[in-house]
Each structure stands twice: as C-alpha cells, then as structure tokens.
Amino acid sequence: MPYPENSLETVFEEASVQLRKQLPFVLYRKPGADQLLGIFQGNRDVNLITDFTKRGFVFAPFNTAQGVVVLQPDKRVSAVLPSMVDDGTETGRATLVEDASAKGAYLKKVHMCIEEIKKGTIRKVVFSRRIHVKTGKSAFSIFEKSLNLYPNAFCYLFYHPQVGTWLGATPETLLRVEGQHLETVSLAGTSAAQTPKWKNKEFDEQQMVTDFIATALSDKTSELIISETSTVKAGKLWHLQTRFVGELRGHVPLRDVVTALHPTPAVCGLPRDKAKTLIERHEGYDRAYYTGFLGELNLHHAGSMEFYVNLRCMQLTGDEAMLYVGGGLTGASDPMVEWQETQNKSRTMLRLL
Ligand SMILES: C=C(O[C@@H]1C=C(C(=O)O)C=C[C@H]1O)C(=O)O
C-alpha cells in the first residue's frame with residue numbers, strides 16, 4: 001500500500017484532528033530520510049501482539065510482559081521534508097536545573113549498583129532516572145524541532161489515548177529485517193567531549209553488548225558479519241558502535257529474533273535477568289516505554305520490520321514532559337561521571353522544549 005504524499009502542514013493538520021478525536025497515530029522519520037511517514041488508527045483499540053505476524057507500527061515497553069502495542073495502519077500518510085540540518089541553535093527555553101536531592105538519590109543508587117556488580121554476579125546494569133520538566137510547547141512543534149536537530153536519528157511522535165503521548169529521537173536500531181537479510185547494531189559507551197577519548201570502561205561495556213548480540217544471533221543467522229567498532233555521533237554525544245549484518249536462517253520467526261535481542265545489555269545489563277531484577281527493584285519507577293522498542297512491522301511485506309530502541313525520549317502529559325535517561329554501569333564506573341552522563345543525555349530532549 002503506497003503512502004499518499006502531502007505537505008508537512010497537511011500531515012500535521014490531519015494528525016491534530018486525530019489527536020482531538022483521541023484516535024491513535026504515529027508520525028516518524030527514519031534516520032537520514034527526507035520523508036515523514038504517518039500511520040493513523042481508526043479506532044481506540046489497544047491491539048496487543050506476541051508473535052510479530054500482524055502489520056502496523058509496534059510500540060513496546062521495556063518489560064514486554066506489560067503488552068506490546070501495534071497501531072493498525074488504517075490510514076497511511078507521508079510528506080516530503082525540507083532538507084534538515086543541525087545548525088546547533090539552542091532555542092529551547094527549558095534549562096537543566098541541578099536538583100540536589102535527585103542527584104543525591106541517584107548517586108546513592110548508582111553506588112549501590114556498582115557495589116552489587118563488584119560482588120561478582122552482575123557484570124553490567126543500565127540504570128536510569130526521570131526528569132520532570134514543564135513545557136508550554138505543543139507536541140507537534142517539539143516533534144518538528146527534533147526533525148531539524150537530529151537528522152540522523154529515528155524521530156517519532158506517538159499517541160494513543162490508552163498508552164499516552166511519547167516523543168523521541170533515538171540513535172539505536174534494535175533490528176532491521178528485509179526478506180532474509182538482517183541488520184542490527186551494538187551501541188554503548190558515551191562521550192560528550194569535542195573529540196572522544198575512550199577508556200577501557202566504555203570499550204568493555206560496549207563489547208559486552210557486541211558479545212551478547214553475537215551469541216543471540218548465532219543460531220538464528222548464517223553469514224553473520226560483525227564490523228569493526230567505530231565512533232558515531234548522536235546529537236551532541238558520541239557512542240561506540242559495531243554493526244551486524246547477516247542472513248536469517250529459513251523459518252526463524254521474527255518473534256524469536258526480537259526475544260533473543262530485547263532487552264540487550266545496551267539498555268538492561270548482564271546477565272539479563274539479574275540486571276532486570278536490579279533495575280525493577282531499585283530504579284523506583286516503571287520505565288514503561290523508555291528502553292522498549294518501536295517501528296514498522298510487516299508494512300512492506302510479510303517478514304519485514306524496522307525496530308528502534310526507545311531512547312532519548314519523553315512522555316508528554318498536558319504541559320509536562322517526563323524525560324528518561326540512563327547509562328551503563330560496570331565495576332569501573334564512577335558515580336559522578338555516570339550522573340554527568342545522564343545530564344548530558346537529557347540535553348537531547350531538553351533542547352526541544
Ligand atoms: C540508556 C541510554 O542509552 C544507552 C546507553 C549508553 C551508555 O551506557 O553509554 C549508550 C547508548 C545507549 O545504548 C539512554 O540514552 O538513556
């Protein structure tokens with residue numbers, strides 16, 4: 001089914017009508033693309049999936065047991081975007097206030113996690129926090145700004161009356177499958193320096209993700225090619241990235257690949273179950289869709305998908321935004337450096353507000 005082409009204003013107008021009628025929709029732009037795509041659902045049903053055989057736009061929480069939502073593609077829209085460049089302007093009015101009590105609480109928990117890691121049963125845990133910000137801006141203007149500032153991210157605006165309004169600009173692909181061809185990445189390690197100087201801590205935490213993905217895919221793919229690790233830019237931050245390209249073995253269901261990958265140690269930890277328990281016990285809130293995944297499912301043909309990890313994102317409620325930021329902890333972590341990393345990551349969304 002082709003996407004009828006419109007102007008950006010028309011698509012935003014149509015999406016505003018959906019919003020007023022409290023009908024679900026998603027608008028998104030793939031990394032580097034010049035096209036905005038949209039999927040509109042004609043009713044308020046919450047469609048949950050477990051087997052990844054339906055068509056639509058998937059929106060999955062970190063804890064997939066809470067229910068993986070798929071928007072039915074009752075109507076599709078698209079618009080050609082003007083060329084987008086990150087000119088670095090900081091027009092956002094929201095500023096990053098250092099909240100002393102939030103900082104103290106976070107440092108304490110991070111310290112506790114590092115101590116837990118040092119005991120030897122956990123190697124890595126990705127710990128996160130939330131930042132509450134007031135904003136007078138509409139979801140559409142925040143989203144439009146994300147398109148301008150982050151041309152290489154997967155930018156989206158998702159709305160469902162039962163799920164909420166979420167918006168993000170993520171640098172991380174979870175999984176892309178086209179026919180038997182499969183691609184993913186291992187992304188971890190963060191630097192806000194002009195020129196990053198990676199330490200062993202970052203190489204180690206990223207290598208854990210790479211090894212995990214290689215193992216997860218080993219029995220599901222043939223000819224798995226793992227790239228050299230390189231430095232990639234995401235907004236004003238740098239990360240370490242390794243790319244995976246392979247061929248899915250015949251008849252491996254998409255569900256098995258997704259379940260093997262999600263959540264990777266880029267957002268959860270190692271061993272996965274122990275890290276997840278630590279997160280659920282100590283973060284102190286439900287991550288909901290932060291560090292879940294989202295994207296197209298079987299929209300082009302059966303067995304095709306393009307999922308991204310829901311990072312650098314926020315939930316919008318009225319004139320309030322809840323930002324989510326985290327980072328990987330290992331035995332070599334310094335709590336103050338980890339705090340600063342979450343501050344730096346929060347700027348990706350704060351710049352839009
Ligand atoms: C967890 C986040 O990011 C993830 C964690 C990273 C890290 O620990 O360095 C880097 C990129 C992402 O895989 C986040 O942005 O909230």
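Whatever order the structure lists them in is the order used to number ligands and atoms, beginning at 1.
A salt bridge does not link R55 with E296: none of the charged nitrogens is closer than 4.0 Å to a carboxylate oxygen. Look at E223 and R249 and you find no salt bridge, because none of the NZ, NE, NH1 or NH2 atoms lies under 4.0 Å from a carboxylate O. Ionic pairing of E183 and R243 is not present here: no N-O contact between side-chain nitrogen and carboxylate oxygen is shorter than 4.0 angstrom. The pair K119-E115 does not count as a salt bridge, with every side-chain nitrogen at least 4.0 angstrom from each carboxylate oxygen.
For the residue pair N43 / Q41, a side-chain donor-acceptor distance below 3.5 Å is found, with atom types taken as modelled. Between the side chains of T231 and W198, a donor-acceptor pair is found at a separation under 3.5 Å.
Using a non-hydrogen distance threshold of 4.0 Å, Q206 does not register as a contact of ligand 1. Using a 4.0 Å heavy-atom cutoff, G327 is listed among the residues neighbouring ligand 1. V325 counts as a contact of ligand 1, since one of its heavy atoms falls under 4.0 Å from the ligand.
For ligand 1, the polar-atom distance check finds no N/O of L311 at less than 3.5 Å from any of the ligand's N/O atoms. No N or O atom of A188 sits closer than 3.5 Å to an N or O atom of ligand 1.
Under the 30°/60° scheme for interplanar angles, the aromatic rings of Y308 and F154 are found to lie parallel.
Summary of contacts: the protein heavy atom closest to atom 16 (O) of ligand 1 is Y290 OH, 2.6 Å. Here the protein heavy atom with the shortest distance to atom 10 (C) of ligand 1 is T190 OG1, 3.4 Å. Of all protein heavy atoms, the one closest to atom 13 (O) of ligand 1 is E172 OE1, 2.7 Å. For atom 8 (O) of ligand 1, the nearest non-hydrogen atom of the protein is G328 N, 2.7 Å. In terms of protein heavy atoms, atom 4 (C) of ligand 1 is closest to A266 O, 3.5 Å.
When the shell of 6.0 Å around NE2 of H111 is examined, it contains 12 or fewer heavy atoms from other residues, nucleotides or ligands.
Counting atoms of ligand 1 from 1 in the listed order, those under 4.0 Å from a heavy atom of E341 are 7 (C), 8 (O), 9 (O). For ligand 1, the atoms closer than 4.0 angstrom to any heavy atom of H239 are 10 (C), 11 (C). Proximity to E205 (heavy-atom distance under 4.0 Å) selects the following atoms of ligand 1: 8 (O). The distance from ligand 1 to the heavy atoms of L187 drops below 4.0 Å at these ligand atoms: 13 (O). Each of the atoms 7 (C), 9 (O) of ligand 1 lies under 4.0 Å from some heavy atom of G189.
Two residues are said to be in side-chain contact when any heavy atoms from C-beta on lie closer than 4.5 Å; V133 and E320 fail this criterion. Taking 4.5 Å as the limit, some side-chain heavy atom of W166 sits within range of a side-chain heavy atom of Y156.
Taking only non-hydrogen atoms, the option from K345, R129, E202, R312 nearest to atom 7 (C) of ligand 1 is K345.
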